[in-house]
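Have a look at the structure below, then the notes.
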Amino acid sequence: MFENKERTELAELGEFGLIKHLTDNFKVQHQSSIKGIGDDAAVLNFENKEVLISTDLLLEGIHFDLAYVPLMHLGYKAVQVNLSDIYAMNGIATQITVSIGLSSKFPLEAVEEIYKGIHLACDKFNIDLIGGDTSSSKQGLVISVTSIGHAEKGTVCYRNGAQEGDLLCVSGDLGGAYVGLQILEREKQIFLENPNIQPDLEGKDYIIERQLKPEGRRDIVDLLAQMNIVPTSMIDVSDGLASEVLHICQQSDKGVTLYEEKFPIDPMTYQTARELGLDPTVCALNGGEDYELLFTIKQADYEKLKHDVDISIIGHITEKNAGCKMISKSNVVHELKAQGWNAFKL
């Protein structure tokens, strides 16, 4: 990964020296960040707002593969997937802590790449890095990010607020991250068989970026506030559309009807899925890692967002006994399942 002349062993800095080296260029931007890095604990003051906290853990070999994931992208993504949980509560993320476990194979230069990605994400989304930890690891690279944010009282969105008749909406498009992952896995296998063959990713930039460099949808939270819409329920699409819809239905004690023809699937996602022998709809339903926002709104709010091209209305909430259904393009009714759903495969 790095030539010897560029390699600085982490032991040369020690734990506190490493933390100082990596975080010196992170500046505190929020008034709510009273004290950041440099003491035993951070000090925050959100006054009268509701405080939101979420943690995600990324493990090498489970959540990412360093064979094709650039370290800077990994740092960026580690922050993004965590901010997405705050946005999924209709909140604004303001601070993060980052803890990292490293094996001896990683020199300082590799860790710097990870923190470049973290810094890029913090700059783009106006986030303060206020703490964390470093440790040695015998199981490969481990990254844990805790995100902290806030929302005005009365505007926090939970998964359990969907009501019968509510419209089910989703931002952006679906399935791209999963199809991008399939392309990366395919090229990895080709490389392992013949290291002289260069990866063929031409024309697939969008879906590759959907996998390697996802973007949390802070803009949707801002847009809903501008429209004066408080969703009745909300969740982010991390595990696939079907899984997230079922979470909302189970926690709201409701059913749902989805319409396949309404699913927002990018043309590149659709075409590439077909090339790989995959059903684009199944990729959207069960792929995951899109980090779009899935939410329900009252029918009275429909007029406010019906013309927004980045929000699709894909179904509606029903009473519990109606079940969780998807109506296919050919008007066939399918039971919605989170995984292992075979009825729709070609």
Side-chain angles (χ1 to χ4, degrees), residues 1 56-85 87-88 113-114 116-118 120-121 124-125 140-143 145 147 170-192 197-220 235-244 263-294 310 338-339:
M1 188 184 298
D56 275 306
L57 186 65
L58 298 179
L59 305 174
E60 182 180 355
I62 303 295
H63 301 104
F64 59 89
D65 188 335
L66 291 179
Y68 51 72
V69 177
L71 291 172
M72 188 164 72
H73 284 68
L74 178 61
Y76 188 90
K77 183 174 181 176
V79 174
Q80 286 302 308
V81 301
N82 212 275
L83 300 183
S84 183
D85 287 331
Y87 303 144
E113 284 295 300
I114 297 172
K116 283 180 185 177
I118 293 171
L120 182 63
K124 182 168 184 177
F125 287 85
L141 180 58
V142 179
I143 303 176
V145 178
S147 56
V170 70
S171 65
D173 57 82
L174 302 171
Y178 178 76
V179 177
L181 178 62
Q182 304 316 301
I183 292 289
L184 290 168
E185 287 285 354
R186 180 192 70 182
E187 295 306 310
K188 174 188 173 182
Q189 293 305 316
I190 292 173
F191 175 80
L192 290 175
I197 297 179
Q198 292 298 308
D200 181 16
L201 305 176
E202 186 176 352
K204 306 298 183 184
D205 295 13
Y206 178 67
I207 57 175
I208 297 298
E209 188 165 282
R210 292 286 283 174
Q211 170 57 221
L212 296 181
K213 192 173 175 285
E215 300 285 344
R217 297 308 304 263
R218 159 72 189 267
D219 59 319
I220 297 297
I235 192 172
D236 71 333
V237 184
S238 55
D239 297 326
L241 177 64
S243 176
E244 316 307 356
F263 291 179
I265 299 176
D266 184 83
M268 182 185 294
T269 300
Y270 191 94
Q271 177 186 342
T272 307
R274 288 298 190 192
E275 291 171 1
L276 296 173
L278 301 171
D279 187 319
T281 296
V282 173
C283 293
L285 284 168
N286 294 331
E289 292 199 292
D290 291 310
Y291 298 104
E292 297 294 344
L293 293 180
L294 176 74
D310 203 28
Q339 294 179 16

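Numbers for residues simply follow the sequence, beginning at 1. Only this structure's heavy atoms are used, side chains among them; waters, hydrogens and symmetry mates stay out.
- Side chains of Leu192 and Gln189 form a contact here, defined as non-hydrogen atoms less than 4.5 Å apart.
- A heavy-atom distance below 4.5 Å is found between the side chains of Ile118 and Val79.
- Under a 3.5 Å cut-off, the side chain of Asn82 and the backbone N or O of Ser147 do form a donor-acceptor pair.
- No hydrogens or angles considered: a donor-acceptor pair under 3.5 Å links the side chains of Glu275 and Gln271.
- Among Lys213, Glu215, Arg217, Lys124, the one residue that satisfies the side chain to side chain contact (heavy atoms under 4.5 Å, CB included) test with Gln80 is Glu215.
- The side-chain heavy atoms of Tyr206 and Asp173, taken from C-beta on, include a pair separated by under 4.5 Å.
- Under the 4.5 Å side-chain criterion, counting only non-hydrogen atoms from C-beta, Phe263 is in contact with Thr281.
- With contacts defined as side-chain heavy-atom distances shorter than 4.5 Å, the pair Asp279/Leu285 does not qualify.
- Counting only residues at least two apart or on different chains, the salt bridge (Lys or Arg N to Asp or Glu O under 4.0 Å) pairs with a member in residues 66-79 are Lys77-Glu289.
- Considering only heavy atoms from C-beta on, Leu66 comes within 4.5 Å of Glu60 through its side chain.
- Using a 4.5 Å heavy-atom cutoff, the side chains of Leu174 and Pro264 are in contact.
- Considering only heavy atoms from C-beta on, Asp290 stays 4.5 Å or farther from Val170 through its side chain.
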